[in-house]
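Convention: sequence-line order gives letters A, B, ...; per-chain numbering from 1.
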Amino acid sequence: MPRPILVTSALPYANGPIHLGHLAGAYLPADFFVRYLRLKGEDVVFVCGSDEMGVAIEVRARKEGRTPQDVIDAFHAVIEGGLRAAGMSFDVYGRTSAPIHKATTTEFFRTIATDPAEAIRNDQGAFRLGTSEQLFDPEAGVFLADRFVVGTCPVCGNPNAYGDQCERCGSTLSPAELIDPRSALTSATPIRKETTHWMLPLGDVQPLLEGWLRGDRDGLNRFEAWKPNVTGQIRSWLEAGLRDRAITRDIAWGIPVPEDLAEAAGVDASGKVIYVWFDAPIGYVSNTKAWAEAQGDPERWTRYWRTHHEDGTAKTGDDAPRLVHFIGKDNIVFHGLVFPAMLMLTGGYVLPEAVPANEFLNLEGEKFSTSRGHAIWLHDFLERFPADTLRYALGTMLPETKDADFNLSEFQGRVNGDLADVLGNFVHRALTFTHSKFGGAVPAPGELSTEAKAVLDAIAAAPERIGALYASYRFRDALYETIDLARTGNKFFNDAAPWHQIKTDVQAAQTTLYVSLQLCASLSILLEPIVPDAAARLRRMLNLAPMRSSMPAANLSGDLLGWDDAARPLLPPGHALGAPEVLFQKLDDAVIQAERDRLAAPTTPADDSTAPQVQTVPDVPVYEPVAEAETPGFAPLADTIVYDDFAKIDLRAGKIVVAERIPKADKLLRLEIDLGFETRQILSGIAEHFTPDEVLGRTVVIVANLAPRKMRGLESAGMILMAEGRDGKLRFVETDAEPGATVQ
RNA sequence: GGACCCGUAGCUCAGUGGUUAGAGCAGGGGACUCAUAAUCUCUUGGUCGCAGGUUCAAACCCUGCCGGGUCUACCA
């Protein structure tokens, strides 16, 4: 039995559909890898599933008047449907709302809280309790997650900014920054109140993590083995020193903190749940358990996760499990540090051997952006294009070393040029020639020419050479090398020119076709991880012997063809071929243009997740109000006020006489405003929109009686009025009145 | 403000000290006509972001700067 290897793809957050950027980041490369391993006969389990807990889902549900369960049910279906349609060959696609996940998460929590595996002892096992002040809604009687606090953005003035981020200007905020904060639940003004949370002592675990990363436990120095973009980020966190992180939250939608533990700790557990980024990665474990149960062997998950046998002896050699996490770069810290720390403290779990994180994929030169409709949704795209075309094209553009760009001309070029012209046409010409000249039977070869031998040598070397690329996570190269075999075939076919040979030397023509057909047969195996549908069709055309499946539940019986068999000629002389068909249809210019138009004028029912391309384990979940999701629209009209409300605001004309950047502040400008009767200092969060020179000398409208506020240690006495267009750009409200003039 | 990744041909990208810097696509010339107007071949094209430095030798190592990206901090 080969060594067990567990491969995971980041759990998509069930708060919106996923787009091509997600697919390229964490799913497609994992699927290439896993299918290759299955063809090699490895014992691999490919685990994924929806990440369904957390406040973001709760907020969305509330906003849409649905239950969180409704939200996750809907997106779970859309996401899984899209991923399956793209050919992701998961052994299991689970859900973190499943009972087994709750049980597994509780068990992790309990173990760390009562019997941690490492010699780290705080007041709650390895955990410690931390008390802090959180915003509390006195009307609803609940603590408010940052997301549940709304107010006016101090940077751009958006009246509906969230406590963690302003969706309008993208600023990262905290609830305390919001002007006129209010509860999203009741509109009550939040008060500060003490609350207690469990903290994961990452600071304590840091030495263990560093040792593990250096290879103390298994001799694998991950600082050297992993990609620089991964180690770079991990190093930077380690150098800064890991800080303890709260792993519980006062919200409703999550896995409850075990009551007995809370009681023992003297903490009121009501309303406390385990934070989503603690439970989400445990989803890899619980989904594996769900898989094992579905296999009728509930203990089978231990083969992939546990480092020790039941009798306590350490697994070695072929028993020792391997773990590989495919993620996007936004998840590096969680998979390189936090989750390993959790696994260590729980004890007996395998730690990742590789975390091949990809960078981000851009679309037509710009970031994927839901709010601007600049995105291609996976489930939607696959309604118009075969999965194989997407798999291959995206596979050649994977952001393996740096951010990459997906554009539709490139997509068309890859499909038409590589798949149809180079690969499809090679297969087609070899097959149709055999049918028209040799009755559809593989001709017997004569004496091999130097060129024919060279092709057979290339076939013999291909599985190992290309396999090494898969094994080292170099998928773009693997794809290139695979298609390059078809190039070799075309050249050979062209140079030999069997349509001439057949007139002068039939046996030479037979040899040419024999060799070309062997190459087709090998390609039908080597193409399987990349374009599984086309590979299967090709094998059918060739009437090839049954092959091991690259899908789960692979039949491992010995007489099926596998990856390594692609090295040898697979079609004996006289073998009858099936009917040739076109392997890939070309994509018409009009189809591509239609797709471009679709992008330019999005009609897709957009969801709302903006930035992170792979949103698993979100530290700061990102999304935005549904009202603004469709197209960037005008801000909704605020509630009606009476004149007296307005009259309270003292607006004045003021001339900006001093403007300068504030050191160490990215967004703030320090302004001095001449009001005629006095000159006062105002800090304005416009540094990302204007340079000091651009604002100097302007006479603008300010709120002159706003309570002063300190920012960066400097007092700000008032606010500059700004107009914000739908494009998010700010413009001053200017006047030619004299400084000090009242504005009514 | 700090950290990390990146900047190579018109485009998308390989290339981490050792001949004359590469591939695919696009452009130009040619060949072929079995095949999805496909293929094959030759070819144009680069101050390797800029400026210094180390070295017999630098796209690669060091320093600074410019530009793109990401994480993170200050603001609390």
Side-chain angles (χ1 to χ4, degrees), chain A residues 133 154-155 171-178 192 227-240 243 328-333 357 359-360 362 365 367 393 396-407 409-414 416-438 474 476-477 479-481 483-484 486-503 509 512-513 516 580-586 611-613 619-620 661-668 683 685 709-714 716:
Chain A
E133 281 197 337
V155 177
S171 307
T172 303
L173 304 173
S174 76
E177 278 179 288
L178 293 175
R192 295 188 150 275
K227 293 200 286 183
N229 58 339
V230 177
T231 52
Q233 209 176 116
I234 289 175
R235 254 185 237 276
S236 125
W237 275 66
L238 290 174
E239 277 163 23
R243 298 199 299 185
K329 67 174 163 183
D330 53 333
N331 264 203
I332 288 171
V333 168
E359 300 289 297
F360 284 166
N362 290 326
K367 286 196 218 194
T396 64
M397 308 172 200
L398 292 179
E400 287 177 348
T401 56
K402 55 185 167 187
D403 288 357
D405 190 50
F406 179 88
N407 63 74
S409 341
E410 187 82 0
F411 173 64
Q412 183 185 26
R414 290 299 178 187
N416 292 356
D418 293 354
L419 290 183
D421 293 346
V422 173
L423 171 63
N425 184 52
F426 170 64
V427 168
H428 196 242
R429 69 198 301 204
L431 280 163
T432 50
F433 197 95
T434 307
H435 273 280
S436 64
K437 309 293 183 190
F438 297 107
R474 294 169 57 188
R476 272 200 323 229
D477 287 346
L479 265 60
Y480 177 81
E481 293 293 332
I483 293 298
D484 202 47
R487 287 203 167 82
T488 303
N490 274 319
K491 176 172 170 50
F492 171 68
F493 201 93
N494 243 63
D495 292 350
W499 54 94
H500 284 151
Q501 289 177 317
I502 201 161
K503 294 173 187 160
T512 300
L513 268 299
S516 299
E581 59 185 75
V582 169
L583 210 49
F584 293 100
Q585 294 291 347
K586 292 210 196 192
Q613 301 218 351
D619 188 22
V620 178
R661 299 201 71 108
I662 298 176
K664 300 187 178 184
D666 293 344
K667 292 162 190 160
L668 293 180
L683 305 188
R709 187 163 179 275
K710 274 198 165 182
M711 288 186 268
R712 292 252 340 113
L714 299 169
S716 178

- Message: At 4.0 Å (heavy atoms only), tell me whether G413(A) reaches a base, stays on the sugar-phosphate, or touches nothing.
- Response: nothing
- Query: Whom does rG22(B) pair with, Watson-Crick or G-U wobble, provided both distances fall under 3.5 Å?
  - Reply: rC13(B)
- Side-chain N or O of R487(A) closer than 4.0 Å to phosphate OP1/OP2 of rA38(B): no
- Query: Any side-chain N or O of K586(A) under 4.0 Å from OP1/OP2 of rA38(B)?
  - Reply: yes
- Query: Rounded to whole angstrom units, what separation is found between the NZ atom of K503(A) and the C1' atom of rC32(B)?
  - Reply: 12 Å
- Task: Check the distance between rU39(B)'s C1' and D421(A)'s CG and give it to me in whole angstrom.
- Result: 9 Å
- Residue met sooner reading RNA chain B from 5', once R243(A) and A404(A) are mapped to nucleotides: A404(A)
- Query: Going by heavy atoms in the side chains, are Y480(A) and T396(A) under 4.5 Å from each other?
  - Reply: no
- Item | C1' gap between rG46(B) and rG53(B), integer Å | 24 Å
- Give one of base, sugar-phosphate or nothing for R474(A), where a contact means two heavy atoms less than 4.0 Å apart. nothing
- Output the single nucleotide from rC13(B), rC34(B), rC40(B) whose closest atom is nearest the side chain of D405(A). rC13(B)
- Looking at every strand, decide which applies to F584(A) at a 4.0 Å heavy-atom threshold: base, sugar-phosphate, or nothing. base
- Item | Mate of rG27(B) where both pairing distances stay under 3.5 Å, Watson-Crick or G-U | rU43(B)
- Message: So that I can tick it off, tell me whether D418(A) and R487(A) are bridged by a salt bridge, with the cut-off set at under 4.0 angstrom between side-chain N and carboxylate O.
- Response: yes
- Query: Within a strict 4.5 Å, meaning less than it, do heavy atoms of the Q233(A) and V333(A) side chains meet?
  - Reply: yes
- With sugar-phosphate meaning primed atoms plus P, OP1 and OP2, does D484(A) contact a base, only sugar-phosphate, or nothing at under 4.0 Å between heavy atoms? nothing
- Query: Looking across every strand, which nucleic acid part, if any, lies under 4.0 Å from L583(A) by heavy atom: base, sugar-phosphate, or nothing?
  - Reply: base
- Can you tell me, in whole Å, how much space there is between the P of rG45(B) and that of rA23(B)? 14 Å
- Query: On a plain distance test, is the side chain of N494(A) in donor-acceptor contact with the base of rU39(B) below 3.5 Å?
  - Reply: yes
- Query: With rounding to whole Å, what would you report as the distance between rC5(B) and rG64(B) at their P atoms?
  - Reply: 14 Å
- Message: Using the side-chain heavy atoms of N490(A), tell me which of these nucleotides is nearest: rC40(B), rU12(B), rU72(B).
- Response: rC40(B)
- Calculate the interatomic distance between L238(A) atom CG and rA3(B) atom C1'; express it in whole Å. 12 Å
- Could you tell me which nucleotide pairs with rG7(B) by Watson-Crick or G-U wobble geometry, both distances under 3.5 Å, or answer none if nothing does? rC66(B)
- Note on the structure: Comparing nearest nucleotides in RNA chain B, the 5'-proximal residue of the pair D495(A), T396(A) is T396(A)
- Query: Roughly how far apart, to the nearest Å, are rC50(B) and rC66(B) at atom P?
  - Reply: 15 Å
- Item | Pairwise P distance for rA31(B) and rU16(B), with rounding to whole Å | 40 Å
- Message: Just the rounded figure in Å: distance from P of rC34(B) to CG of N425(A).
- Response: 13 Å
- How about R476(A): does its CZ atom have over 12 heavy atoms from other parts shown lying under 6.0 Å from it? yes
- Whole-Å gap separating C1' (rC5(B)) and CD (Q233(A)): 10 Å
- Message: Suppose you measure atom C1' in rC56(B) against the same atom in rA14(B); what distance do you get, rounded to whole Å?
- Response: 28 Å
- Taking any strand in view, what nucleotide pairs with rA58(B) in a Watson-Crick or G-U wobble way, both distances under 3.5 Å? none
- Task: Could you measure between the two C1' atoms, the one in rC40(B) and the one in rC4(B), and give it in whole Å?
- Result: 46 Å
- Message: In whole Å, I'd like the distance from the CE atom of M397(A) to the P atom of rA23(B).
- Response: 20 Å
- Under 4.0 angstrom between K491(A) side-chain N/O and rU41(B) OP1 or OP2: yes
- Give the rounded distance in Å between these two atoms: CG of D418(A) and C1' of rU12(B). 12 Å
- R429(A) has a side chain; which of rA35(B), rC71(B), rC40(B) sits nearest to it? rA35(B)
- Item | rC71(B): pairing nucleotide in any strand, Watson-Crick or G-U under 3.5 angstrom | rG2(B)
- Message: Show, in sequence, the C-alpha distance, side-chain angles and deciding distance for R429(A) and N494(A), and conclude whether the side chain to side chain contact (heavy atoms under 4.5 Å, CB included) test is met.
- Response: CA-CA 11 Å; R429(A) 69 198 301 204; N494(A) 243 63; 2.9 Å; yes
- Query: Taking the same atom, C1', in rU8(B) and in rG24(B), what whole-Å distance lies between them?
  - Reply: 15 Å
- Taking side chain as C-beta onward, heavy atoms only, is R474(A) less than 4.5 Å from L398(A)? no
- Phosphate contact (rA3(B) OP1 or OP2) by R235(A) side-chain N/O below 4.0 Å: no
- Query: Out of rA35(B), rG24(B), rU72(B), which has the shortest distance to the side chain of T432(A)?
  - Reply: rA35(B)
- Taken to the nearest whole Å, CZ/R476(A) to C1'/rG24(B) is 12 Å
- Hey, is F433(A) stacking on rC34(B)? Ring centres under 5.5 Å, planes under 30°. no
- Item | Minimum side-chain heavy-atom gap N416(A)-F584(A) below 4.5 Å | no
- Candidates rU33(B), rU41(B), rU39(B) - which lies nearest the side chain of H500(A): rU33(B)
- Would you mind classifying the nucleic acid contact of A430(A) as base, sugar-phosphate or nothing, using non-hydrogen atoms under 4.0 angstrom? nothing
- Note on the structure: Shortest non-hydrogen pair, I332(A) vs A357(A), comes out as CG1-CB, 3.7 Å
- Out of rU39(B), rU36(B), rA35(B), which nucleotide sits closest to the side chain of V422(A)? rU39(B)
- Task: Look at the rings of F433(A) and F438(A) and say which category their plane angle falls in: under 30° parallel, 30 to 60° tilted, over 60° perpendicular.
- Result: tilted
